[in-house]
Amino acid sequence: MDYADSNGIADKIKALSPWFHNLHFEDGTQSAPDHFLGDFPRFKWLQVAPFIPEDLSGCRALDIGCNAGFYTFELAKRGAMVTGIDIDQRYLEQANWAARQYGLQDRVNFRQMQVYDLARESGTYDLVLFMGVFYHLRYPLLALDIVAQRVKGMMVFQTLAMPGKEIYKQVDHPINERASLQEPGWPKMAFIEYRFAGDPTNWWIPNHAAVEALLRSAGMRITGYPGHEIYLCEPDEEAPSCITTWNRAEYLAALGVKIEN
């Protein structure tokens, strides 16, 4: 659906509503000025932006769960060629319309797909944004393993998390010694059976220790913390994921890939 001939940006915004990203347009109009989270996701971008190069010319970027494209557009404004993926067709209609308003349609490509579909994609990205998606996934570690294989340079990871920053130093334990599993800093995720914050797609809420352990397990090295629940990371060549070494067969089986003998 093309709203290019509507009378005024405000009319176009209304026609494409409701919006979850509050986009700012040149005439001062905003897509979601009364957002319950405030000026979202601009306030999160302001935390992340200083850690991303100002000049992304020649950079190939991926925005997972792009919604209406706020982060996609910010990367494109810095010169990156950006692919934004989302499962919601309405968000992608918003993003494609907004791209034309910003004059960025030649630098962005929006696609309707699941994060798991990236397993069937080729190539890697210099910069990957994996923000606000992880806790919505029924199969989160599989998704993280898939995404990590697409990261060539930096990944910005953000997830809803439990309170607290404790980290319990893990060591091997005999099978009957399980008390340490109850320590505050043991990596763990709360499973949401029904819904959280009214959303049935909020499946998992990890603690800080689990986020770090999951990222390391996926072969990523944590390099910084731009803001609350946000992690910068990059591929760790010295500690690759087990799915690239001894546990490759399980990963491929989870993807439905038949292994030839």
Verify the ring-centre separation between [Y] and [X]: is it less than 6.0 angstrom?
X	Y	answer
W203	Y135	no
H208	Y231	yes
F157	F134	yes

Are more than 12 heavy atoms, taken from residues, nucleotides or ligands other than [X], located less than 6.0 Å from that residue's [atom1] atom?
X	atom1	value
K152	NZ	no
Q89	CD	yes
E250	CD	no
K165	NZ	yes
I87	CD1	no

Strictly distance-based, threshold 3.5 Å: is any side-chain N or O of [X] a donor or acceptor partner for the main-chain N or O of [Y]?
X	Y	result
K188	E183	yes
Q30	N22	no
R100	Q105	no
N247	I243	no
S217	L214	no
T124	V151	no

Are side-chain heavy atoms of [X] and [Y] found at a separation under 4.5 Å?
X	Y	result
L160	F196	yes
K44	Y71	yes
L23	Q94	no
F25	I13	yes
L62	L118	yes
V48	M131	yes
Q149	T244	yes
D126	L56	no

Where do [X] and [Y] come nearest, in terms of heavy atoms and distance?
X	Y	result
M162	A190	CE-N, 3.2 Å
A80	R107	O-NE, 3.3 Å
R195	P200	NH1-CD, 3.6 Å
M220	A148	SD-CB, 4.0 Å
F70	R42	CZ-CA, 3.5 Å
P184	N207	O-ND2, 3.7 Å

task: Could you label the plane-to-plane angle of the Y168 and W186 rings as parallel, tilted or perpendicular, counting under 30° as parallel and over 60° as perpendicular?
output: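 Ring orientation, 0 to 90° scale: tilted.
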- request: Measure the acute angle between the ring planes of H35 and F40, then classify it against the limits of 30° and 60° as parallel, tilted or perpendicular.
  value: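 Correct class here is tilted.
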When rounded to the nearest 0.5 angstrom, what distance separates [atom1] in [X] from [atom2] in [Y]?
X	Y	atom1	atom2	answer
R216	C233	CZ	SG	11.5 Å
D86	D88	CG	CG	6.0 Å
N96	N109	CG	CG	8.5 Å
M154	L129	CE	CG	9.5 Å
N67	F110	CG	CZ	10.0 Å
R178	N176	CZ	CG	5.5 Å

Verify the cluster assignment for [X] and [Y]: are they in a single hydrophobic cluster under the rule of side-chain heavy atoms below 4.5 Å apart?
X	Y	answer
M81	M155	no
F43	F20	yes
L46	I52	no
L144	V211	yes
L142	F191	yes

- request: For the pair R90 and E93, find out whether any cationic side-chain nitrogen is under 4.0 Å from an anionic carboxylate oxygen.
  value: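 Salt bridge absent between R90 and E93.
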task: Could you name each residue pair satisfying salt bridge (charged side-chain N to carboxylate O under 4.0 Å, His left out) that touches residues 112-123, not counting sequence neighbours?
output: R111-E121, D117-R120
- prompt: Which pairs, with at least one residue in residues 50-67 and sequence neighbours excluded, count as a salt bridge (charged side-chain N to carboxylate O under 4.0 Å, His left out)?
  reply: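 Every salt bridge (charged side-chain N to carboxylate O under 4.0 Å, His left out) pair that includes a residue of residues 50-67, provided the two are not neighbours, is E54-R78.
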- request: Mind running side chain to side chain contact (heavy atoms under 4.5 Å, CB included) on D39 and H24 for me, showing each step along the way?
  value: CA-CA 10 Å; D39 194 359; H24 295 238; 3.0 Å; yes
task: Show the numbers, then the answer: is there a side chain to side chain contact (heavy atoms under 4.5 Å, CB included) between D199 and H136?
output: CA-CA 9 Å; D199 189 341; H136 291 297; 3.4 Å; yes
task: Would you check, one step at a time, whether the test side chain to side chain contact (heavy atoms under 4.5 Å, CB included) holds for I222 with L232?
output: CA-CA 6 Å; I222 299 164; L232 299 183; over 6 Å; no
query: After noting the C-alpha distance and the side-chain angles of I146 and Y139, does the key distance pass the side chain to side chain contact (heavy atoms under 4.5 Å, CB included) rule?
result: CA-CA 11 Å; I146 291 170; Y139 312 104; over 6 Å; no
